[in-house]
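These notes concern the structure reproduced below.
These numbers were taken from a predicted model, which means no experiment stands behind them.
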Amino acid sequence: MSTAPSAAAAASRPADGPVPVLLGTSAFGQSERAFPVYDAYWEGGGRAFDTAWLYGHAYGPGCCERAFGAWAKSRGVEKDLWVLAKGAHTPECLPDRIMPQLTESFERMGREDAALYMLHRDNAAVPAGEFVTVLADLVERGVIGAYGMSNWPLVRVREAVSYARTHGLVPPAGVSNQFSLIDMVRPIYPGTVSANDPGWRAWLADSGMCLYPWASQGRGAHALADPDELRTGPLAKCWYSRPNTERLRRAALLAEHKGISSTGIALAWTLSQPFPVVPLIGPRQPEEVRDSLAAATYRLTRAERDWLENGTGAMPQG
């Protein structure tokens, strides 16, 4: 049975704006590093940002949210931004920690709202309905525009959707799991979950739920000078497999054919899925922002997507 989100939930997506991607803020706890990247994204038409209560805590609690808020205030664009906020990360993934952390995030960013709020992790010891009850109430009260889950397994997301429908509550509007052309063979961080398997893909296509994938360009793997570096370099633990190495090779070939970067081909693949997708991107430099924004205008055919994944037949020449 279809579990398509409501019209209000669909309207909460930033994909209808000039740039159908979200800029991640997790690497920017200092203004001198953040501002040039955020400016490049803004100048390229980007208006949607991914934030989280936990981002930057290793360097100072809340530094990333504060840097983002300082940039928005300095540019006078606070009211023009679409913000995805996340909180209640392990070990505080509990219903009663949602509002306190969200309030603190708003204070750090100098905001009073978020278009979309997501639980940053799952806690299987808590019934999904307990989270849904709290989150749906925040939507009803106008504190957030919509809600969803990050790094939740499919069975738990389905449980949350079912609970909301059974109890007449606002349903989840999105999921933020890892998803990219190359597979995450081992979790990058504890508790992280991929949506890159047949079960997830079929459900996303049937339900209409929007996927907000992180590491949507393979954590920089497509920028390797030689795909064989994936086996021996720092990305090996989480990303190395023979199929992934071959996908990097094919992406480089198609990128040369189309005249864009291999990293750009990876983003185009993510954006070209047969279900709603708004990728999270993580550029570290302004030129990387511009590269991603250029690639965000491309869409691949099904034949091109299949060839990139499976290498069946010859490279499409369209």
Side-chain angles (χ1 to χ4, degrees), residues 14 17-89 101-102 104-118 120-121 150-151 176 178 180 188-189 192 212-223 234-235 261 263-264 266-267 270 278-296:
V19 176
V21 296
L22 279 157
L23 181 64
T25 63
S26 65
F28 302 109
Q30 303 82 31
S31 296
E32 58 270 22
R33 294 188 63 237
F35 283 27
V37 171
Y38 296 166
D39 284 342
Y41 179 66
W42 180 268
E43 291 162 5
R47 299 293 183 267
F49 290 79
D50 161 62
T51 70
W53 182 88
L54 190 74
Y55 285 169
H57 266 48
Y59 305 99
C63 63
C64 292
E65 288 179 322
R66 290 191 181 92
F68 169 65
W71 171 81
K73 183 178 181 180
S74 71
R75 300 322 192 238
V77 299
E78 303 101 309
K79 297 185 183 300
D80 300 313
L81 302 176
W82 192 102
V83 174
L84 163 58
K86 298 191 296 293
H89 192 289
Q101 286 195 5
L102 182 57
E104 190 169 7
S105 288
F106 285 163
E107 291 172 352
R108 293 168 177 173
M109 293 188 286
R111 301 189 62 81
E112 297 179 351
D113 58 59
L116 178 61
Y117 177 85
M118 289 188 171
H120 209 160
R121 289 290 191 275
S150 181
N151 296 298
S176 183
Q178 198 283 317
S180 59
I188 298 174
Y189 306 110
T192 52
Y212 295 83
W214 54 270
S216 63
Q217 295 169 287
R219 295 292 272 200
H222 291 271
L235 297 173
S261 70
T263 300
L267 182 60
T270 302
V278 181
L280 278 57
I281 60 171
R284 300 293 191 265
Q285 302 294 333
E287 56 268 25
E288 294 174 351
V289 175
R290 289 186 279 271
D291 179 76
S292 289
L293 295 186

Review point. Atom CE of Met109 and atom NZ of Lys73: how far apart are they, to the nearest 0.5 Å?
Key: 15.0 Å
Practice item. With rounding to the nearest 0.5 Å, note down the distance linking CZ in Arg47 to CH2 in Trp42. Key: 4.0 Å
Study note, to complete from the structure: Closest heavy-atom pair, Val19 versus Gly45, reported as atoms and distance to 0.1 Å, is CG2-C, 3.4 Å
Review point. Which heavy atom in Cys63 sits nearest to a heavy atom in Gly56, and how many Å separate them?
Key: SG-O, 3.3 Å
Check your understanding: side chain to side chain contact (heavy atoms under 4.5 Å, CB included) with Ala295: which residues, sequence neighbours excluded?
Key -> Leu267
Exercise for review: Determine the minimum heavy-atom distance between Leu293 and Ala40, stating which atoms define it.
Suggested key: CD1-O, 4.2 Å
Point to revise | Residue list, side-chain hydrogen bond (donor to acceptor under 3.5 Å, both in side chains) with Trp214, at least two apart or on another chain | key: Asn151
Review point. Where do Ala72 and Leu81 come nearest, in terms of heavy atoms and distance?
Key: CB-CD1, 3.7 Å
Point to revise | Thr51 and Cys64: CA distance, side-chain angles, deciding distance, side-chain contact (heavy atoms from CB on, under 4.5 Å) verdict | key: CA-CA 8 Å; Thr51 70; Cys64 292; over 6 Å; no
Practice item. Rounded to the nearest 0.5 Å, what's the gap from CZ on Arg121 to CG on Leu54? Could you check? Key: 8.0 Å
Review point. Tell me, which pairs form a salt bridge (Lys or Arg N to Asp or Glu O under 4.0 Å) where one or both residues lie in residues 108-118, sequence neighbours left out?
Key: Glu65-Arg108, Glu104-Arg108, Arg111-Asp113
Check your understanding: Listed by chain and number, what are the side-chain hydrogen bond (donor to acceptor under 3.5 Å, both in side chains) partners of Ser292, not counting sequence neighbours?
Key -> Gln217
**Study point:** Results of side chain to side chain contact (heavy atoms under 4.5 Å, CB included) for Glu107 - residues two or more places apart only
**Key:** Thr103
Exercise for review: Using the side chain to side chain contact (heavy atoms under 4.5 Å, CB included) rule, pick out the option among Leu22, Val21, Asp50 that qualifies with Tyr212.
Suggested key: Leu22
**Study point:** Test side-chain hydrogen bond (donor to acceptor under 3.5 Å, both in side chains) applied to Ser261 - qualifying residues, sequence neighbours left out
**Key:** Asp291
Review point. What pairs of residues pass the salt bridge (Lys or Arg N to Asp or Glu O under 4.0 Å) test when at least one of them lies in residues 34-44, not counting sequence neighbours?
Key: Asp39-Arg75
Practice item. Identify, with sequence neighbours excluded, every residue that meets side-chain hydrogen bond (donor to acceptor under 3.5 Å, both in side chains) alongside Gln101. Key: Glu92
Review point. Under the 3.5 angstrom rule, does the side chain of Ser176 hit a backbone N or O of Ser150 as a donor-acceptor pair?
Key: no
Point to revise | Qualifying residues under ring-ring contact (aromatic ring centres under 6.0 Å, His included), relative to Tyr38, sequence neighbours excluded | key: Phe28, Phe49, Trp71
Revision key, fill the gap. Rounded to the nearest 0.5 angstrom, the CD-CD1 distance for Gln178 and Ile188 is 6.0 Å
Review point. How would you list, by chain and number, every residue that makes a ring-ring contact (aromatic ring centres under 6.0 Å, His included) with His89, sequence neighbours excluded?
Key: His120
Exercise for review: Check whether any side-chain heavy atom of Phe35 lies under 4.5 Å from a side-chain heavy atom of Ser74, and answer yes or no.
Suggested key: yes
Check your understanding: Of all heavy-atom pairs between Ser216 and Pro279, which one has the smallest distance, and what is that distance?
Key -> OG-CB, 3.6 Å
**Study point:** Nearest heavy-atom neighbours spanning Ala48 and Tyr41
**Key:** O-OH, 2.8 Å
Review point. Going by the salt bridge (Lys or Arg N to Asp or Glu O under 4.0 Å) test, which pairs reach into residues 24-33, not counting sequence neighbours?
Key: none
Review point. Hey, what do you get for CG (Leu116) to NZ (Lys86), rounding to the nearest 0.5 Å?
Key: 9.5 Å
Practice item. Ignoring hydrogens and angles, tell me if any N or O in the side chain of Arg66 forms a donor-acceptor pair with the backbone of Gly110 under 3.5 Å. Key: no
Exercise for review: Sequence neighbours left out, what passes salt bridge (Lys or Arg N to Asp or Glu O under 4.0 Å) with Arg284? Give chain and number order.
Suggested key: none
